[in-house]
Number of protein chains: 2
Amino acid sequence: MSGVPELVVLRLLAQREMYGYEIARTLKVLSQGALTLGEGVLYPALHALETRGLLRALPRQVEGRTRIYYRLTPRGRRRLARLAANWQQLSEGVGRILGVADHD
Amino acid sequence: MSGVPELVVLRLLAQREMYGYEIARTLKVLSQGALTLGEGVLYPALHALETRGLLRALPRQVEGRTRIYYRLTPRGRRRLARLAANWQQLSEGVGRILGVADHD
DNA sequence: AGACTATACCTCGCTGTGCGAGGTATAGGA
DNA sequence: TCCTATACCTCGCACAGCGAGGTATAGTCT
């Protein structure tokens, strides 16, 4: 399947550590609304990524609320590279098919 | 989700009518292997699209074998337009996220 | 004749993703 | 007091995607 949520989460965390709610907001802004991860997608995804050893969780108290920051592990970084390459391929493949003008 | 199989099938059929096996081969070639629809994906997808009125089936006998050609209906054409636009948005959104150099 | 490959269709059943809906709790403004 | 924003969470459904397997014909090679 697409694996888009996993891909974009890893990509954001490759730049700097972020917490869940922040990731959701950032994705919405960056993609200009084209890619909105609901919390029912995001949080389970983060937990799965952590369990699989691609992220490390760093809980912190900020202004009376708990934030769980996530940081990419080396394995996570490798995984990101693979997923990004896959996406690139898929994206180009689909683009090529959408773009065929007339092809015997 | 992505809906990529549906999208590319509709796109191919928007050019000319094709039969299942041909669609599979064509996709493989056009996408340069990046997008291979297994028969377990393709045939059920074609049936679903026909049931939903997006395709019309045209069985023909060719050299002793049955081929089922599919042709896009007007509804199918409209559906394709919507899916293509969605894909464009998603693709650009993901691209923007993957491409962020440094953002703070 | 027998075996194998390519063409051409099909179904069944699993897996896992994606997702909405709902739930908890704190801080702060109206 | 109530509502909104922040910040986390889980449950359970729906459904796509996919492999594996099955049928049948035509042609080729041995």
Side-chain angles (χ1 to χ4, degrees), chain A residues 1-10 12-13 17-29 31 33-52 54-55 57-70 79 83 86-87 89-90 93-94, chain B residues 1-10 12-13 17-29 31 33-52 54-55 57-70 79 83 86-87 89-90 93-94:
Chain A
M1 302 191 197
S2 43
V4 167
E6 185 182 347
L7 170 61
V8 294
V9 165
L10 290 178
L12 284 191
L13 294 176
E17 51 181 57
M18 295 173 76
Y19 58 98
Y21 203 76
E22 187 188 9
I23 293 173
R25 263 191 287 110
T26 307
L27 280 178
K28 211 169 166 184
V29 172
S31 73
L35 189 62
T36 300
L37 288 201
E39 305 194 349
V41 177
L42 182 59
Y43 290 116
L46 288 171
H47 300 157
L49 290 171
E50 194 204 349
T51 300
R52 288 162 57 202
L54 307 177
L55 301 183
L58 308 152
R60 281 178 210 156
Q61 294 297 323
V62 179
E63 287 161 15
R65 292 190 209 85
T66 301
R67 288 182 182 171
I68 304 183
Y69 281 83
Y70 290 94
R79 171 83 175 152
L83 282 183
N86 277 5
W87 170 263
Q89 285 236 316
L90 177 67
V94 173
Chain B
M1 302 191 197
S2 43
V4 167
E6 185 183 346
L7 169 61
V8 293
V9 165
L10 290 178
L12 284 191
L13 294 176
E17 50 182 56
M18 297 174 76
Y19 57 98
Y21 203 76
E22 187 188 8
I23 293 174
R25 263 191 288 110
T26 306
L27 280 178
K28 211 169 165 183
V29 172
S31 74
L35 188 62
T36 301
L37 289 201
E39 304 194 348
V41 178
L42 183 59
Y43 289 117
L46 288 171
H47 300 155
L49 289 171
E50 195 205 348
T51 299
R52 288 162 57 200
L54 306 177
L55 301 183
L58 308 151
R60 281 177 210 155
Q61 293 298 322
V62 179
E63 286 162 16
R65 292 191 209 85
T66 301
R67 288 182 182 172
I68 304 182
Y69 282 82
Y70 289 94
R79 172 80 175 154
L83 283 183
N86 276 5
W87 169 262
Q89 286 236 315
L90 176 66
V94 173

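Each chain gets a letter, A, B and so on, in the order its sequence line appears, and its residues count up from 1. Only this structure's heavy atoms are used, side chains among them; waters, hydrogens and symmetry mates stay out.
In this structure Ala24(B) satisfies the side chain to side chain contact (heavy atoms under 4.5 Å, CB included) test together with Leu42(B), sequence neighbours excluded. Shown here are the side-chain hydrogen bond (donor to acceptor under 3.5 Å, both in side chains) partners of Glu17(A), two or more places apart in sequence or in another chain: Arg60(A), Arg71(A). Evaluation of the side-chain hydrogen bond (donor to acceptor under 3.5 Å, both in side chains) rule for Tyr69(A) yields Arg67(A) as partners, not counting sequence neighbours. With sequence neighbours excluded, the residues forming a side-chain hydrogen bond (donor to acceptor under 3.5 Å, both in side chains) with Gln61(B) are Thr66(B), listed by chain and number.
One interatomic measurement links the two molecules: CG of Leu49(B) to C1' of dC15(D), which rounds to 15 Å at whole-angstrom precision. Atom CZ in Arg52(A) sits roughly 11 Å away from atom C1' in dG16(C) (whole-Å rounding). Rounded to a whole Å, the CG atom of Leu42(B) is 12 Å from the P atom of dC18(D).
Using a 4.5 Å cut-off on side-chain heavy atoms (C-beta onward), Arg79(B) and Leu49(B) make no contact. At a threshold of 4.5 Å between non-hydrogen side-chain atoms, the residues Leu13(A) and Ile23(A) count as touching. No side-chain heavy atom of Leu37(B) sits under 4.5 Å from any side-chain heavy atom of Val4(B).
Taken over five-pair windows at either terminus, the axes of the helix from dA1(C)-dT30(D) to dA30(C)-dT1(D) are inclined to one another by 0° (rounded to 10 degrees).
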Side chain to side chain contact (heavy atoms under 4.5 Å, CB included) between Leu27(A) and Thr36(A), intermediate numbers included: CA-CA 7 Å; Leu27(A) 280 178; Thr36(A) 300; over 6 Å; no
Annotated protein contacts, base or backbone, on nucleotides 5-12 of chain D with a non-hydrogen cut-off under 4.0 Å, one of B, S, - each: -BBBBB--
